[in-house]
Amino acid sequence: MWTAIIVGAVLVVLGVYQASTWSFAFGWFAYAPLSDTTFHPRIPNFWVPPALIGVGATLVGLGGGFLLGRRRG
């Protein structure tokens with residue numbers, strides 16, 4: 001169960017790191033009246049960091065609950 005807790009904590013940290021590296025281009029405009037191209041900022045997959053954080057938190061919760069709830073003796 002310690003493995004599940006460690007893997008879960010690593011997944012949570014990885015998800016938070018990925019979410020913190022997102023950069024958005026709000027309010028960025030360029031005047032190009034004769035251009036046919038439109039600026040589209042690169043938007044990352046929004047489901048990856050929350051999924052990593054959710055799976056990691058679940059693993060930490062399951063591992064911790066198993067270790068705290070097992071019978072001793």
Side-chain angles (χ1 to χ4, degrees):
M1 281 296 125
W2 285 105
T3 305
I5 293 173
I6 292 170
V7 169
V10 168
L11 287 176
V12 169
V13 169
L14 184 62
V16 169
Y17 174 73
Q18 279 191 347
S20 69
T21 59
W22 286 350
S23 62
F24 298 99
F26 292 117
W28 183 87
F29 298 100
Y31 181 71
L34 301 176
S35 175
D36 290 339
T37 60
T38 305
F39 174 73
H40 294 288
R42 183 182 163 273
I43 299 175
N45 292 333
F46 286 110
W47 61 270
V48 173
L52 288 174
I53 293 170
V55 169
T58 302
L59 285 174
V60 169
L62 288 173
F66 181 79
L67 289 175
L68 292 174
R70 69 179 172 182
R71 294 182 185 186
R72 302 180 200 271

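How far CD1 of I53 is from OH of Y17: 14.0 Å, rounded to the nearest 0.5 Å. Distance check, rounded to the nearest 0.5 Å: CD1 of I6 to CE of M1 gives 12.0 Å.
Taking hydrophobic clusters as Ile, Leu, Val, Met, Phe, Trp and Tyr residues chained together by side-chain heavy-atom distances below 4.5 Å, W2 does not share a cluster with V60. Follow the hydrophobic side-chain contacts under 4.5 Å out from L62 and you never reach L68; the two are in separate clusters.
Among V10, L59, L67, the one residue that satisfies the side-chain contact (heavy atoms from CB on, under 4.5 Å) test with I5 is L67. With L11 as reference, V55 is the one residue of T58, V16, V55 to meet the side-chain contact (heavy atoms from CB on, under 4.5 Å) rule.
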